Student: 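Below are the C-alpha cells for one structure; questions will follow.
What you see is a predicted model; the values in this text were computed from it and never measured. Throughout, a chain's letter reflects where its sequence line sits, starting with A, and its residues are numbered from 1.
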2 protein chains.
Amino acid sequence: MSDSVAHRQLAPEPEEAFGLDAAFVDEIAALLRADNRVRVKELVTDLHYADMADLLERLDSQDRQLLIETVRDNFNADVLPELAEAVRDQVMEALGFEDFAAALSQLDSDDAVYVASKLSASEREQIAARMPQEARLSIEQGLAYGENSAGRLMQREFVAVPNYWTVGETIDYMRSGQALPEKFYAVFVVDPRNRPQGMVELSRLLRAKRPERMKDLFDQDVEPVALDMDREDVAFFVKQRNLVSVPVIDKSGRLVGQITIDDIVDVIDEEAEDDILKLAGVRNSEVSSLYNAIISTANSRFPWLAVNLATAFLASGVVGMFEHSIEKLAALAVLLPIVAGMGGNAGTQTLATAVRALATRELDGSNAWRVMSRELFVGMINGLLFAAIVGVIAYFWFDDQLLAIAIASAMFITLTVAGLSGIVIPYALQKFGADPAASGGVFLTTVTDVVGFFSFLGLATLILL
Amino acid sequence: MSDSVAHRQLAPEPEEAFGLDAAFVDEIAALLRADNRVRVKELVTDLHYADMADLLERLDSQDRQLLIETVRDNFNADVLPELAEAVRDQVMEALGFEDFAAALSQLDSDDAVYVASKLSASEREQIAARMPQEARLSIEQGLAYGENSAGRLMQREFVAVPNYWTVGETIDYMRSGQALPEKFYAVFVVDPRNRPQGMVELSRLLRAKRPERMKDLFDQDVEPVALDMDREDVAFFVKQRNLVSVPVIDKSGRLVGQITIDDIVDVIDEEAEDDILKLAGVRNSEVSSLYNAIISTANSRFPWLAVNLATAFLASGVVGMFEHSIEKLAALAVLLPIVAGMGGNAGTQTLATAVRALATRELDGSNAWRVMSRELFVGMINGLLFAAIVGVIAYFWFDDQLLAIAIASAMFITLTVAGLSGIVIPYALQKFGADPAASGGVFLTTVTDVVGFFSFLGLATLILL
C-alpha cells in the first residue's frame with residue numbers, strides 16, 4: 001500500500017485497506033458495550049459486506065448480538081453467505097425468523113440456496129413460511145439437487161438471447177433493464193428450444209459492431225454442464241479453459257442457469273481446504289472451525305484420533321511380539337521412534353503429492369504405472385541414503401555392528417514401502433470410490449509402522465539374539 | 001454428461017468432455033510411433049490449448065518430442081504457460097530457441113513473464129536475443145518485480161478511459177478495435193494524470209444508457225493495488241470482494257496494469273497446493289512433481305527427511321535416557337508407539353486448522369488468545385477421553401494398574417500439549433516471519449514426541465520402578 005493519495009481518491013474506509021484492523025474490531029466492541037449505537041452505525045455503515053461479515057465473526061457472541069440489534073434496520077443480506085456457519089446461526093437467532101427470511105429473499109438464487117442448505121430442517125420450514133412464494137420455490141428447487149452438484153452451485157439468473165439476434169438488439173435488450181442479474185460476464189446464445197449454442201463474453205460483445213449476429217461471435221470452447229455434474233468437475237473445466245461462466249442445462253438440454261467464476265473460486269478454495277484438513281484428520285464439517293464451540297470441535301476430532309488409536313495398538317502389537325528381544329536389548333526400543341518417524345514422514349510426502357495430483361487430474365489411468373514406478377525408485381534412493389546415515393549413527397551410538405545392520409536394512413525396507421504405499425494407497429482408494437485425502441493417512445501410517453517395526457525387530461532378533 | 005445432444009451441438013472434440021481420455025493419449029502415442037503425422041495433426045488440430053498441454057504432459061519424453069515436431073508449424077503459444085515446468089523445458093528444447101521466442105512473443109504480458117521467470121538466466125538471454133524489442137522489454141520489466149508481487153502477476157494490457165467520457169464514447173472506442181486485450185472484464189476510469197478513479201464492470205456498462213458518464217458508474221469498493229503488494233494479499237482482496245479485476249498502480253499512483261480473476265484462481269490454487277505439500281514436507285519447487293526426474297524428486301524430498309531424522313534422534317535420545325527402565329519392563333517399549341502416534345496426530349489436526357486459518361486471515365492478533373485457549377481446552381477434553389480409553393486397555397493388556405496410570409497420565413499431558421502447540425507454533429512462526437506450513441510440522445512432532453516419551457517413561461520410572 002505504497003500510495004495513500006490514490007487510495008484516498010477511491011473509497012475511504014474506516015478499516016485497513018485489506019482485511020479488518022484488530023483495533024477497529026476492539027473499538028466497535030467497546031462502543032457496543034458503552035451502548036453508543038449512533039457512533040457504531042456511523043462506523044459500520046460504509047463497510048463492505050465481506051468486511052461486515054468479518055467483523056461479526058471477530059466479535060464475541062454478546063457483542064455480535066448487540067451489533068445485529070444496531071444494524072437490524074439496514075442489515076445487508078449479502079453478509080449472510082460470507083459468514084462462518086456457527087456465526088450465521090447466531091445472527092439468525094438475533095435477527096429472528098421474520099427478518100432473516102426477508103434478508104434471504106434479497107439474495108441471488110445461488111447464495112440463497114447455499115445459506116438455506118446450512119439450516120436445520122425445522123429452521124428451514126420456519127423461514128420458508130415467511131418468504132415470498134417465488135423466492136421460496138427457487139430455494140426449494142436448488143435444494144433438490146445433490147449437495148456437490150452443479151445444480152446446487154448454479155445461479156438461476158442469466159442473460160440469454162436468440163441466435164438470430166444482432167449485437168445491437170442484444171445491447172438494446174440489456175439497456176431496457178429487464179430482470180437482469182446483478183453481475184454477469186457473458187451472454188448465452190440459445191436456439192428456439194432454449195438450448196444453449198454458445199456463449200459470448202462481454203468483452204467480445206463490446207468489441208463487435210451492432211449489425212453483427214450473435215451466432216457469429218460464439219466461443220467454440222464452451223460446453224454446457226449438466227445439473228448433476230460434480231462441482232469439482234465443473235471447477236476443473238472452468239479453470240482449465242480460463243472461462244468466466246458456463247451454462248447449465250437440464251436433461252432435455254435446455255438452459256436453466258449459469259455457474260460463474262466467483263463461485264468457482266469458492267469451490268477451489270473449499271476443496272483445497274477439505275484436502276488439507278482431511279489429510280490432517282480434521283473432519284470436513286469443521287472447515288470454519290475457529291468459531292465452533294469447544295465441545296463440538298473436540299467431538300469432531302475424536303473419531304480420527306480413535307481410528308489412529310486402533311492402528312497405534314496394531315503397531316504396538318507388532319512391538320509386543322518382540323517383547324523378549326527388547327528385554328534382552330533395550331537399545332531396540334531406543335531406535336523404534338526413528339523407524340516409525342522416518343517411515344511415516346517419507347510416506348506422507350508421497351501421499352500429499354498423490355492426493356494433489358489426483359485432485360488436479362494429473363494422475364490417472366494413463367500414467368499411473370509410470371508414476372508408481374517412479375515413486376518406488378524415489379523411495380529406494382532415499383531408503384539407501386538414510387540406511388547408510390542411520391546405520392553409521394547407530395553403530396557409533398551403541399557400538400554394535402549387527403544392530404547397525406539391522407536398523408539400516410529396516411530403514412531401506414521401510415522407506416521403499418513408504419514410497420510405494422504413498423502412491424498406491426490413495427490411487428486404490430480413489431479407484432474404489434473412497435476419498436484418498438480422508439482415509440489415505442491411516443492406511444499409510446499403519447503400513448509404514450507395521451512394516452518398519454516388524455522388519456527392524458524381526459531382523460534384529462534374527463541376527464542379534 | 002447426461003445430454004449428448006446438447007453437447008454435439010457445441011464443440012465436438014476428439015477427447016472426453018472433461019479432461020483428456022487415457023485412450024486418446026494412447027492413440028496419439030501409437031500414431032506418433034507409427035510416424036502417421038497426418039492423422040495426428042487431424043486429431044490435435046482442434047484441441048483446446050489446455051488439453052494440448054495435458055496431452056504433452058501425459059506422453060513420454062520421446063513421444064513428446066515427436067508431437068512437437070508434428071505441430072511445430074502451428075504451435076499454439078497459449079500451451080506454454082499451462083505446462084509443468086519439467087515438460088516445458090523439454091518442449092523448449094524440441095522447439096529450439098527461435099520458435100520458442102516467437103511463441104513467447106505472442107503471449108499476453110503476464111503469461112510471457114510467467115514463462116520467462118521459470119527459465120534459467122542463460123536460456124532467458126538466448127531467447128530474449130531472438131524476440132522483438134517490445135515483447136522483450138515488457139518481459140524484462142515484469143521480471144524486475146518480486147517473485148510473489150502484484151507486478152509479476154499483472155497484465156499490462158487493459159482498457160482505461162478518461163473520467164469525462166460517456167458510456168457511448170467508451171463503447172465506440174472499444175469498437176474501433178484499438179489495441180485491446182484479448183479478454184477483459186472491466187473498464188478502468190482514470191483522471192487526467194492517469195490515476196485510476198474507479199472501475200466499471202462490463203455488465204454495468206452494458207446496462208447503462210449511451211449518454212451516461214463513466215464517472216457516475218464507478219464501483220465504490222475497488223481500491224487499486226500497489227506493484228509490490230504480495231500476490232496472496234491481492235488474491236485475498238479480490239476473493240473477499242468478489243471482484244473480476246483490480247487496477248495496479250505504480251508509486252506515483254498511475255495505472256500500469258490489471259490483475260484479473262483467472263490469475264487469481266491460479267494463485268489460490270498454487271497457494272493451497274503449497275500449503276498442503278509443505279505441511280507434508282514436500283518442497284515447494286516440487287509442485288508439478290509428477291513430471292520431474294526421479295533423482296531430482298528424491299533430492300527434493302531428502303532435506304525434510306534429514307530434518308526429521310535429526311528430530312527423531314532427539315526423541316530417541318529421550319527414550320535412551322530411560323534405557324534401564326525399559327530393560328526392567330519391556331512393556332514400556334510396547335506402549336511407546338501409542339504415545340508418539342496419538343500426540344503427533346492430535347497436534348497435526350490443530351496445526352492444519354491453524355495453517356488454513358492463517359492463510360485465510362481468520363486467525364490474527366484480534367482473536368489469537370481466544371483461539372489458543374479454545375484449542376487448549378479441546379486438547380484437554382480429548383486428552384481426558386483418550387487417557388481413560390488407553391488406561392483401561394493397557395490395564396487389561398498388561399494387568400498392571402500402575403502402568404495403566406502412567407500411560408493414562410502421559411496421554412492427557414501429551415494431547416493437551418499437542419493441542420496448544422498445534423496453534424502456538426504456527427502462530428509464532430508467522431509472527432517471526434517464517435512459513436508456518438513449511439516448518440510447523442517438525443517443531444510440532446519434536447515437541448509431542450519429546451513431551452510424550454518423557455512424561456510416559458518418566459512417570460513410569462517414578463511410580464513403577
Student: Pick one: which of A:Val318, A:Leu336, A:Val319 meets side chain to side chain contact (heavy atoms under 4.5 Å, CB included) with B:Val334?
Tutor: A:Val319
Student: Drop me the distance from B:Leu202's CG to A:Arg204's CZ, to the nearest 0.5 angstrom.
Tutor: 13.5 Å
Student: Output the distance between atom CG (B:Asp51) and atom CZ (A:Arg241), rounded to the nearest 0.5 Å.
Tutor: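 Reported to 0.5 Å precision, the distance equals 4.5 Å.
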Student: Using 0.5 Å steps for rounding, measure from the OH atom of B:Tyr49 to the CG atom of A:Asn242.
Tutor: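 With rounding to 0.5 Å, OH (B:Tyr49) is 4.0 Å from CG (A:Asn242).
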Student: With distance as the sole test, does A:Asn367 use its side chain to make a donor-acceptor pair with the main-chain N or O of B:Arg58 at under 3.5 Å?
Tutor: no
Student: If only atom types and distance count, is the side chain of B:Arg207 paired as donor or acceptor with the main-chain N or O of A:Arg175 below 3.5 Å?
Tutor: no
Student: CZ of B:Arg370 to CG of A:Asp60: how many Å apart, nearest 0.5 Å?
Tutor: 6.0 Å
Student: Return the CG to CZ distance between A:Asp269 and B:Arg356, rounded to the nearest 0.5 Å.
Tutor: 5.0 Å
Student: What part of A:Ala359 lies closer than 4.5 angstrom to a heavy atom of chain B: side chain, backbone, both or neither?
Tutor: neither
Student: Are any side-chain N or O atoms of B:Gln349 and backbone N or O atoms of A:Arg301, one a donor and one an acceptor, separated by less than 3.5 Å?
Tutor: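 Such a contact is found between B:Gln349 side chain and A:Arg301 backbone.
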Student: So, taking the atom named CD1 in A:Ile261 and the one named CG in B:Asp262, what distance separates them when rounded to the nearest 0.5 Å?
Tutor: 7.0 Å
Student: Heavy atoms only: give me the nearest A:Ser316-B:Ile338 pair and the separation to one decimal.
Tutor: OG-CD1, 3.5 Å
Student: Going by ring pair (Phe, Tyr, Trp, His ring centres under 6.0 Å), name the residues that satisfy it together with A:Phe386, two or more places apart in sequence or in a different chain.
Tutor: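 Ring pair (Phe, Tyr, Trp, His ring centres under 6.0 Å) list for A:Phe386, sorted by chain: B:Phe302.
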Student: So which part of A:Leu385 gets closer than 4.5 Å to some heavy atom of chain B, the side chain, the backbone, both or neither?
Tutor: side chain
Student: With only heavy atoms counted, which part of A:Glu82 is less than 4.5 Å from chain B, the side chain, the backbone, both or neither?
Tutor: side chain
Student: Apply the side chain to side chain contact (heavy atoms under 4.5 Å, CB included) test between A:Asn345 and each candidate in B:Leu309, B:Thr445, B:Leu305; give the one that qualifies.
Tutor: B:Leu305
